[in-house]
Amino acid sequence: QVQLVESGGGLVQPGGSLRLSCAASGSIFSINAMGWYRQAPGKQRELVAAITSGGSANYADSVKGRFTISRDNAKNTVYLQMNSLKPEDTAVYYCNAALGSEYDITAEYEYWGQGTQVTVSS
């Protein structure tokens with residue numbers, strides 16, 4: 001079984017910073033990509049940022065220039081550095097990982113973390 005454990009959420013004032021981390025553990029052969037999604041009450045879950053094993057990253061337009069995603073492949077860990085936080089960033093943030101298979105190079109399996117609350121408020 002694969003588990004994604006997130007940490008780093010909390011309450012922060014507008015303009016502040018937080019760093020989220022997500023460590024994958026369990027039966028892992030390879031991780032093709034990891035990313036962060038968020039969901040605010042009453043809204044759909046949206047992609048915040050994602051990064052491939054090769055380091056290629058993409059971001060939602062709303063966070064470009066403020067958030068940075070990074071990955072430590074040796075630790076199977078992904079990070080999200082969030083700067084200049086705004087109240088509209090308030091949401092539950094979910095870690096996501098796309099894992100490869102030892103037995104089928106074309107297969108990919110998706111896992112989710114439990115979510116961590118980020119609240120930006122004065």
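Residue numbers start at 1 and run along the sequence shown.
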Between atom [atom1] of [X] and atom [atom2] of [Y], what is the distance when rounded to the nearest 0.5 Å?
{"X": "Ser121", "Y": "Leu85", "atom1": "OG", "atom2": "CG", "result": "12.0 Å"}
{"X": "Glu110", "Y": "Glu108", "atom1": "CD", "atom2": "CD", "result": "8.0 Å"}
{"X": "Leu99", "Y": "Leu4", "atom1": "CG", "atom2": "CG", "result": "7.5 Å"}
{"X": "Thr68", "Y": "Tyr79", "atom1": "OG1", "atom2": "OH", "result": "14.5 Å"}
{"X": "Tyr94", "Y": "Thr116", "atom1": "OH", "atom2": "OG1", "result": "10.0 Å"}

Taking distance alone, no hydrogens or angles, what donor-acceptor pairs closer than 3.5 Å link side-chain atoms of residues 10-30 to residues at least two apart or in another chain?
from: Ser17; atom 1: OG; to: Asn83; atom 2: OD1; distance (Å): 2.9
from: Ser21; atom 1: OG; to: Ser7; atom 2: OG; distance (Å): 2.7

Identify whether Val92 and Leu80 are in the same connected component of the hydrophobic contact network (ILVMFWY, side-chain heavy atoms under 4.5 Å).
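No, Val92 does not connect to Leu80 through the hydrophobic network.
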
Please set out all donor-acceptor pairs under 3.5 angstrom arising from side-chain atoms of residues 49-60, sequence neighbours excluded.
from: Thr52; atom 1: OG1; to: Gly54; atom 2: N; distance (Å): 3.3
from: Thr52; atom 1: OG1; to: Gly55; atom 2: N; distance (Å): 3.4
from: Thr52; atom 1: OG1; to: Ser56; atom 2: N; distance (Å): 3.2
from: Tyr59; atom 1: OH; to: Ile69; atom 2: N; distance (Å): 2.9

Any donor-acceptor N/O pair, Glu6 side chain to Gly115 backbone, under 3.5 Å:
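At least one qualifying donor-acceptor pair exists.
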
Is a side-chain donor or acceptor of Thr90 paired with a backbone partner of Val120 at a separation under 3.5 angstrom?
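Yes.
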
Residue pairs passing the ring-ring contact (aromatic ring centres under 6.0 Å, His included) test where at least one lies in residues 100-119, sequence neighbours excluded
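Passing the test, one end in residues 100-119: Tyr37-Trp112.
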
Please walk me through it: do Arg38 and Val118 pass side-chain contact (heavy atoms from CB on, under 4.5 Å)?
CA-CA 9 Å; Arg38 67 185 181 188; Val118 172; over 6 Å; no

Should Asp89 and Arg66 count as side-chain neighbours, where that means a heavy-atom distance under 4.5 Å?
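Yes. Closest side-chain heavy atoms under 4.5 Å.
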
For Glu88, is the CD atom crowded, meaning more than 12 foreign heavy atoms sit under 6.0 Å from it?
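Yes, enclosed.
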
Met34 to Val78 - nearest heavy-atom pair and separation
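Looking at all heavy atoms of both residues, the closest pair is CE-CG1, 3.6 Å.
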
